[in-house]
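Notes to accompany the following structure.
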Amino acid sequence: MGNIEKSYELARERYASLGIDTEAAIKKLADIHISLHCWQADDVAGFESEGDLTGGIQATGNYPGKARNIEELRADILKALSLIPGTHRLNLHEIYGDFKGEKVDRDEVDFSHFESWVEWAMANGLKLDFNSTSFSHPKSGDLTLANPDEEIRGFWIEHTRRCRAIADEIGRRQGSPCVMNLWIHDGSKDITVNRMLYRSLLKDSLDKIFETKYEHMLDSLESKVFGIGLESYTVGSNDFYTAYCTQKQKLITLDTGHFHPTESIADKVSSMLLFVPALMLHVSRPVRWDSDHVTIINDETLDLAKEIVRCDALDRVNIGLDYFDGSINRIGAYVIGTRATQKCLLQALLEPIETLRGYEAAGKGFERLALLEEAKSMPWGAVWDEFCRRNGVAVGESYIAEINAYEKEVLSKRN
Ligand code: RNT
Ligand code: ZN
């Protein structure tokens with residue numbers, strides 16, 4: 001028996017003494033398929049145009065070796081996946097279509113531009129999710145689906161309708177519902193005196209977009225506090241989408257960077273799941289603003305993972321990632337963030353929740369707090385290592401060397 005297995009055996013016994021079955025936790029973790037965001041590979045550039053990233057989001061850093069085309073992006077994602085235990089999903093934005101060098105405007109896109117993605121995904125055991133793209137386009141401006149200009153609003157309605165049809169066809173072909181996230185940047189920089197108008201326009205646009213019912217895709221709507229250059233007003237606020245999704249029974253996307261810094265995203269899970277069918281997560285790491293730093297194990301991510309498990313809601317929460325750091329090796333960024341999210345979920349799955357709930361029900365506040373504290377230093381790391389070993393991926397920090405080798409052999413030859 002190797003050291004990893006020996007450590008795991010000891011950990012398994014330690015957890016068993018608290019009534020926790022580590023084998024069951026490992027099984028559940030293997031069933032969680034995280035949706036990796038394709039846009040970490042190239043700083044949200046996509047394959048549509050050479051234009052700047054707009055829409056109030058920003059990728060900072062210019063670490064060499066970013067993916068410049070569809071082949072490089074696919075290769076980078078497969079490299080990242082080879083260092084992440086389990087089977088996962090890939091979340092595509094519309095601007096990552098396989099346009100084959102042709103100019104395809106956003107109101108012209110259709111499934112043919114994603115056919116090769118589906119084939120590639122199936123060949124590599126991946127399922128796809130999807131996003132309409134409102135930013136980085138001459139018609140983006142400050143307002144898209146909430147634009148009083150009927151020509152521009154119509155353009156974005158058509159785009160979003162087409163994206164839903166694409167998502168449905170992806171879902172049909174892959175035999176697993178494709179979650180389509182809808183995030184628009186619509187808002188304004190300064191004091192806005194016609195807030196009701198833009199929100200009623202957005203509501204009307206969404207009603208039109210959702211007129212078609214689909215079987216193989218799920219709509220999820222993402223709110224935000226503010227974007228860069230759009231600080232004073234966001235049309236698609238949290239209240240707006242919470243109300244809209246509740247009424248229309250759509251999914252809500254919770255991006256962990258899209259709330260006020262002291263708000264707990266974890267605490268939203270139980271409230272929202274009582275009123276909407278499911279949630280989508282964009283697990284991220286905001287540093288002072290929606291900076292989209294690489295996800296790590298921190299209190300926010302841990303709390304969120306624990307809350308999902310405590311709510312017994314793993315089957316109603318689609319876990320995706322959303323960050324874009326251009327200042328470090330981008331494949332490394334995928335691996336760190338995905339593994340960190342999985343590690344948080346594993347800690348959540350290993351929580352002695354029955355005992356904790358017993359204490360709570362009996363009013364034993366000291367005992368509850370003590371066990372929560374002790375649980376933090378339980379040997380979950382040994383269970384994680386065993387999970388990696390069983391999945392045939394790098395254990396511990398050994399992925400650093402593999403990523404450095406890929407950088408030397410592949411990334412450094414780009415540019
Ligand atoms: C922006 C939103 C949105 C984007 C992606 C690229 O603040 O988080 O989800 O990051 O769609
Ligand atoms: Zn997001």
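Positions are given from 1 along the sequence. Atoms within a ligand are numbered from 1 in the order they appear, just like the ligands themselves.
Below 30°, between 30° and 60°, or above 60°: for His93 and Trp39 the angle between ring planes is above 60°, a perpendicular geometry. The aromatic rings of Phe210 and Tyr244 sit tilted relative to each other, their planes meeting at an angle between 30° and 60°.
Residue-to-ligand polar distances place His282 within reach of ligand 1: an N/O pair is separated by less than 3.5 Å. Residue His258 places at least one N or O, backbone or side chain, under 3.5 Å from an N or O of ligand 1.
Here the heavy atom of the protein found nearest to atom 10 (O) of ligand 1 is Asp322 OD2, 2.7 Å. Among protein heavy atoms, atom 11 (O) of ligand 1 sits closest to His93 NE2, 2.7 Å. If you check which protein heavy atom lies closest to atom 9 (O) of ligand 1, you get Glu222 OE1, 2.7 Å.
For Lys224, every heavy-atom contact with ligand 1 shorter than 4.0 Å involves the side chain, none the backbone. Counting heavy atoms closer than 4.0 Å to ligand 1, residue Asp290 contributes side-chain atoms (C-beta onward) but none from N, CA, C or O.
In this structure, the side chain of Ser200 engages the main chain of Leu197 through a donor-acceptor pair within 3.5 Å.
Protein N/O/S atoms nearer than 2.8 Å to the Zn ion (ligand 2) total 4.
Here Ala375 pairs with Pro352 under the side chain to side chain contact (heavy atoms under 4.5 Å, CB included) rule; sequence neighbours left out.
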